[in-house]
There are 2 protein chains.
Amino acid sequence: MTVLESAPVKVQTCAGASTHPRPTGQDRYTISEVVAHTGLSAHTLRWYERIGLMPHVDRTHTGQRRFTNKDLDWLSLVGKLRLTGMPVADMVRYAELVREGEHTFSEREELLTAHRESVRQRIAELQDTLQVLDFKIDIYAGGRRVTERA
Amino acid sequence: MTVLESAPVKVQTCAGASTHPRPTGQDRYTISEVVAHTGLSAHTLRWYERIGLMPHVDRTHTGQRRFTNKDLDWLSLVGKLRLTGMPVADMVRYAELVREGEHTFSEREELLTAHRESVRQRIAELQDTLQVLDFKIDIYAGGRRVTERA
DNA sequence: CGCTTGCTTGGAGTGCACTCCAAGTCAATA
DNA sequence: TATTGACTTGGAGTGCACTCCAAGCAAGCG
């Protein structure tokens, strides 16, 4: 069984086929569960909250955090953006826009579109370098007789 | 007159079609010329030298640096590696191997091959995220009627 | 009750890759 | 000769993204 089967309404909240450890309704994860699921450290999760990179996280009556599936989705997006080199400050800006509501849709779109462009450029850059690496590796692999240079 | 016109032998030293500001023989660049050519700062060039990321750079009798075309080629490679996220420590290691001579060919090849693999993975990762971005941008662009979520 | 485990906090510390500073030397021009 | 400007050095400072610390609270177990 995939996690999708018993989901009642299962709104596709965010990106692609994100699967949650527990169905909506039972989704109150401790920080260590989120650590296990996301690979982020507890420190980082708390830090993300402090700097405004998380929507307000639920608390128990004793003040412990309880994360929801929605939080997991958000963290998954944040993870993608971070992986693609978006500065934390920009992600915080994006989070602010989300908090401000629907009237920021176009600004959010701009932000994401700009970032997509930068990711595309980065890919191109990397592919460019790949050729240089291929070239140099060829030299090392093929010609051990080449004279010493770099 | 462009700087290239009188180029005598023009040995293709390193990667691809690298063009040098001046032909071999007249290649004694000041640090500011190298700054202009590479886009690196003078600070960074000196720092690279301090940490062992440069082969020994020539000096004038008064101690000023004079870079050669070979240095430019090396910096171009370093720039590529850095752009692709190789840690400075690894680049220093590579520089050491180069200094040690031909018997380190295979270790250099390994290092470069490993890095190539990491670059490939990085590209795949980025392309993955690109899809997420496309998906979200579509939502913002297409459906302004979608309910508020991330 | 005491102990352990897991969480809480503000603030300080870390590692990387620069980046800058102060003080000095040297060569060329006014 | 005086000044300007490009260069030199060791060491300190910066910005980012964490990462850790000390001290404390709450729940569960023997």
Side-chain angles (χ1 to χ4, degrees), chain A residues 21 28-54 56-68 71 74-96 115 118 122 125 129, chain B residues 21 27-54 56-68 71 74-75 77-96 115 118 122 125 129:
Chain A
R28 289 179 59 75
Y29 309 101
T30 64
I31 199 164
S32 57
E33 286 173 313
V34 178
V35 165
H37 186 71
T38 61
L40 295 166
S41 75
H43 298 300
T44 302
L45 288 168
R46 289 193 269 258
W47 179 66
Y48 276 3
E49 196 179 339
R50 265 213 301 257
I51 65 175
L53 190 43
M54 287 292 296
H56 269 114
V57 176
D58 231 47
R59 301 292 180 121
T60 65
H61 69 105
T62 59
Q64 294 198 1
R65 289 171 184 80
R66 288 298 177 267
F67 295 80
T68 63
D71 293 328
W74 173 254
L75 283 170
S76 149
L77 174 64
V78 164
K80 298 276 183 200
L81 295 178
R82 192 192 48 137
L83 221 58
T84 47
M86 184 185 279
V88 168
D90 290 10
M91 296 196 284
V92 170
R93 175 81 190 119
Y94 183 72
E96 276 167 8
H115 184 58
S118 94
R122 184 103 188 87
E125 219 172 60
T129 306
Chain B
D27 54 337
R28 289 178 58 75
Y29 309 101
T30 65
I31 199 164
S32 57
E33 286 174 312
V34 177
V35 164
H37 186 71
T38 62
L40 295 166
S41 75
H43 297 300
T44 302
L45 287 168
R46 289 193 269 258
W47 179 66
Y48 277 3
E49 196 179 339
R50 265 214 301 257
I51 65 175
L53 189 45
M54 286 294 295
H56 270 114
V57 177
D58 231 49
R59 302 290 180 123
T60 64
H61 70 104
T62 59
Q64 294 197 359
R65 289 171 185 81
R66 288 299 177 265
F67 295 81
T68 63
D71 294 326
W74 172 254
L75 284 170
L77 174 64
V78 164
K80 299 274 182 202
L81 295 179
R82 192 191 50 136
L83 222 55
T84 48
M86 183 184 279
V88 168
D90 289 10
M91 295 195 286
V92 170
R93 174 83 190 117
Y94 184 73
E96 275 167 8
H115 183 60
S118 91
R122 184 101 188 87
E125 220 171 58
T129 306

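So that the names make sense, note that chain A is the first sequence line, chain B the second, and so on, each numbered from 1. The structure displayed is predicted, hence computed values, not measured ones.
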Under the salt bridge (Lys or Arg N to Asp or Glu O under 4.0 Å) test, residues paired with [X] that sit two or more places apart:
| X | value |
| --- | --- |
| A:D58 | A:R28 |
| B:R46 | none |
| A:R59 | A:E49 |

- B/S/- along nucleotides 7-22 of chain D (protein heavy atoms under 4.0 Å) is SBBBB-----SBBB--
- Keeping to residues at least two apart or across chains, list the side-chain hydrogen bond (donor to acceptor under 3.5 Å, both in side chains) pairs with something in residues 82-91 of chain A. A:T84-A:H115
- Does A:T38 have any side-chain hydrogen bond (donor to acceptor under 3.5 Å, both in side chains) partners at least two apart in sequence or in another chain, and if so, which? none
